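Note that the coordinates shown come from a computational prediction; the quantities given were computed from them, not determined experimentally. Here is how names work: the chains are called A, B, and so on, in the same order as the sequence lines, proteins then strands, and each is numbered from 1.
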There are 2 protein chains.
Amino acid sequence: MSIPASTRAERAFTRAEPDARRQSLIEACAQVLAHNGAAGTSVRAIALEAGVSPGLVGHYFAGIDALVAATYGQVEAQVSAALDSALAQAGTDPRARLDAYVTASFAPPIASGELLATWIAFWSLVRSRPDIARQHDEQYARFRARLEALLAACGVAPARLRHTAIAVTALVDGLWLELSLSPGAFSAAEACAIARAQLDALISTSRSAY
Amino acid sequence: MSIPASTRAERAFTRAEPDARRQSLIEACAQVLAHNGAAGTSVRAIALEAGVSPGLVGHYFAGIDALVAATYGQVEAQVSAALDSALAQAGTDPRARLDAYVTASFAPPIASGELLATWIAFWSLVRSRPDIARQHDEQYARFRARLEALLAACGVAPARLRHTAIAVTALVDGLWLELSLSPGAFSAAEACAIARAQLDALISTSRSAY
DNA sequence: ACACTTGTTATACGATCGTCCAACAAGCAA
DNA sequence: TTGCTTGTTGGACGATCGTATAACAAGTGT
């Protein structure tokens, strides 16, 4: 009844470096999240996307939550790298650097409906899983700290640094979220213009507080 | 084998007004979303919470997505009512009304980790379901339109009205989101202060554009 | 009192879920 | 070669999912 092994045309077994396999599972998870949404993201779908048997997911990750968390971590690293790249191309003028850092969030690969699915899936775990809440807090703190440095270089008063960074982070997050959720409401170019205008207003008033 | 009907001690059957039943299912859905998160929200869990048999959910809603959408609609109505109430208590000064409208988003019942679960569950449906995307767009447009009216009363130039409203909406959304996701990052009072400062900056610069 | 409508229950059904595990394949050491 | 370690497979397992449906309970009109 069973098919003899000799008739197998496909190579179903390929061994990979553990790190590479982990990486491919993370990428498959991101793909499935982007295509099927959070509700349609299952171990089987991810394994299928990665071209791997379902059992292997459990071999590398404690559960699907851990895989989603790892995927979010990788997405965050990519976003961070994109911001770094924007910063590197911005030259030395403090204000230009700040603008580049902020507006990079509204261009690919950061502003993308596909990334949003990963973010939402991650957010849905924050409230119930303390470890994931900590991961989120760390990512948020990191983003804000870098923003504070850029703002300080633009002459924002130290006493206002914290609140200004929170404000800019909220603005960027809000614009990015809406841009990803419904691209028709306003354009990426508008988001950049809005953010720049807001930065103008914030920096001038904050500088006057010296 | 079967238990005679006469031995049933509990009254398992209670008929309700269709609207009241719909309402109770929506409230149960919100409860389950708040307690179990989006992943733990199933037809059975909702029916159990509402004290009703699972089949009844299908009798009132086409599917669980429709119930989530209805729940989001109700939450949005509650938020809108809370904002109206804040506006009603704000008096007649345009700037005070704007402040009240904006900062109300950072106080109960709007700023709440429980509400966040409903929002996230709804967001996760936006990308794949056009009808839900439309519902989201309408809600967003409604909020922004009211904000535009309040900003216009504060002297914001008409040409800047649209961008200013988008900016304030993004700021409020970003602050609200972070406040709900990780209450430890900053306090509600800080969010209010940040929003007020931002409004100051926006209105003064926008007024100067006359 | 009677049939009729309709909200509601309880259950059954097939599909899919996450997890587990014995068998297997490849590389490595001896 | 032989044995051992380990990445990998593929299917089994029980649980839970959304949905469909027949039986039932309470009004309602006649």
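No side-chain donor-acceptor contact under 3.5 Å links B:Arg97 to the backbone of B:Thr92. With A:Thr71 contributing its side chain and A:Leu67 its backbone, the two residues share a donor-acceptor pair below 3.5 Å.
In this structure, CZ of B:Arg44 is placed 16 Å from P of C:dC17, rounded to the nearest angstrom. As a whole-Å value, the separation of B:Leu56 CG from C:dT11 C1' is 15 Å. One interatomic measurement links the two molecules: CD1 of B:Ile46 to P of D:dT19, which rounds to 11 Å at whole-angstrom precision. Rounded to a whole Å, the CZ atom of B:Phe61 is 15 Å from the C1' atom of C:dG7. Separating the CZ atom of A:Arg22 from the C1' atom of D:dT8 is a distance of 17 Å, rounded to the nearest angstrom. Rounded to a whole Å, the CG atom of A:Asn36 is 13 Å from the P atom of C:dT16. Between A:Ile64 atom CD1 and C:dT16 atom P the separation is 16 Å, expressed in whole Å.
When all heavy atoms of A:Glu148 and A:Arg162 are compared, the pair lying nearest together is OE2-CA, 3.7 Å. B:Val43 and B:Ile64 make their closest contact through N-CD1, 3.7 Å (heavy atoms, listed as atom of the first residue, atom of the second, distance).
Distance from the side chain of B:Val52 is smallest for C:dT9 among the nucleotides D:dA12, C:dT9, D:dT9. Here C:dT8 is the nucleotide among D:dA12, C:dC13, C:dT8 with the atom lying nearest to any side-chain atom of B:Ala16. Distances were taken from every side-chain heavy atom of B:Val43 (C-beta onward) to each of D:dT9, D:dG18, C:dT9; the shortest belongs to D:dG18. For B:His59, the side-chain atoms get nearest to C:dG7 when compared with the rest of C:dG18, C:dA26, C:dG7. Considering only side-chain atoms of A:Arg15, the nucleotide from D:dT8, D:dA26, C:dC13 that sits closest is D:dT8. Checking D:dT19, D:dT9, C:dT9 against the side-chain heavy atoms of B:Ser53 singles out C:dT9 as nearest.
Using a 4.0 Å heavy-atom distance criterion, A:Gly58 is classed as making no nucleic acid contact. Within 4.0 Å of B:Arg21, counting heavy atoms only, lie sugar-phosphate atoms of the nucleic acid but no base atom. Backbone-only engagement by B:Tyr60 is indicated by non-hydrogen atom pairs under 4.0 Å involving sugar-phosphate atoms exclusively.
Aromatic ring pairs are classed by plane angle as parallel below 30°, tilted from 30° to 60° and perpendicular above 60°; the pair B:Tyr140 and B:His136 is parallel.
If A:Pro54 and B:Glu17 are placed on DNA chain C by their nearest nucleotide, the residue sitting closer to the 5' end is B:Glu17.
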